[in-house]
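Order of listing sets the numbers, starting from 1, for every ligand and every atom in it.
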Amino acid sequence: MSAKIIRGTEIREEILEELAREVENLKKRHGRPPGLVTILIGENPASVSYVKNKIRTAKRLGFKEVQENLTTTVAEKDLLDMIRRYNEDDTIDGILVQLPLPGHIDENRVLMAIDPDKDVDGFHPVNVGRLVIGGDAVKFPPCTPAGIVEMIIRAGVETRGAEVVVIGRSNIVGKPVACMMMQKGRGGNATVTVVHTGTKDLASHCLRADILIVAAGVPDLIKAEWIKPGACVIDVGVNRVGLMTDPKTGEEKALLRGDVDFEAASHVAGFLTPVPGGVGPMTITMLMKNTLASMKYRTEPRK
Ligand code: GUN
């Protein structure tokens, strides 16, 4: 078997074209584009790279894009004051604070300070609650899970009645993607199992999966023998395993590996996402979609 590779880079282009048309229409109706502020604290290389890509995509879509780069010594109070200022700013529809935060800052307090109606990451407890309720209650599905579900749908993989196994129980990926896929509706109606570091016999769970979503943060954790033939395997891992020279620019950059042994898995799986170029571009695309949706909710409230 040779897996069909689901490329986030290609699906991203389709969706960004759809979004660009919507941005133009919104600008005509309201005289301004969607506004996104990204707040980056410190110089964690992964965070710097993620934020750079988010900014690049926002600019490409013609969003108003505000960058706040703070030093790791920033006081929590100053960060909270900054968030509150953007909560009040009517030209800003989305506020994103890149995680992780330095140890002296309480992540919970920061996420709680963001207006839930500008929380385009979907991390505020109000938005977590909306996600759990499902259906029309959902405003901002968190970006990585939303990107995963969109890839599965656009690849034509049936989720209704499928056995989905999620590896990892983080608030950013594992818990929300499990919640989304068990809900009624598009990309849902699956039977979901969440496995984690406390699970006995990981391999036997993986082998049952029609759709295997791996967010473990362990390079090459998933071997070909753990994959049901024909399964759809979504690799969320972004592990920095070394450095490489970019053949296009000559610049040194991180060498990335996923959580799945890609080469071996490609002979067994029916569908497989690469790293890089799989889930990563989808996460950023969904952030743009949420920011645009936020402007619509705020300027054209549902009756
Ligand atoms: N850090 C890793 N992933 C994310 C994400 O999706 N959003 C934010 N804000 N921080 C992250």
Query raised in the report: Between Asp89, Asp115, Asp93, which is the residue that forms a salt bridge (Lys or Arg N to Asp or Glu O under 4.0 Å) with Arg298?
Result: Asp93
Requested in this report: Using distance alone, decide if ligand 1 has a nitrogen or oxygen within less than 3.5 Å of any nitrogen or oxygen in Thr144.
Outcome: no
Query raised in the report: Val97 to ligand 1: N or O pair under 3.5 Å?
Result: yes
Report task. Tell me whether the guanidinium CZ or amine NZ of Lys139 lies under 6.0 angstrom from the six-membered ring centre of Tyr297 and within 45° of its axis. Result -> yes
Report task. Decide, yes or no, whether a salt bridge links Glu24 with Lys27 under the criterion of side-chain N to carboxylate O below 4.0 Å. Result ->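 Yes, Glu24 and Lys27 are salt-bridged.
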Query - Student check: side-chain heavy atoms of Val128 and Asn171 closer than 4.5 Å - result: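 Val128 does not reach Asn171 side chain to side chain.
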Report task. Could you check which of Asp121, Val51, Leu99 puts a non-hydrogen atom nearest to atom 10 (N) of ligand 1? Result -> Leu99
Query raised in the report: Which protein heavy atom lies closest to atom 4 (C) of ligand 1, and at what distance to 0.1 Å?
Result: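 It is Gln98 NE2, 4.1 Å.
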Query raised in the report: Which residue owns the protein heavy atom closest to atom 3 (N) of ligand 1, what's the atom, and how far is it?
Result: Ile172 CD1, 4.2 Å
Query raised in the report: So which of Ile211, Val192, Ile234 actually passes side chain to side chain contact (heavy atoms under 4.5 Å, CB included) with Val166?
Result: Val192
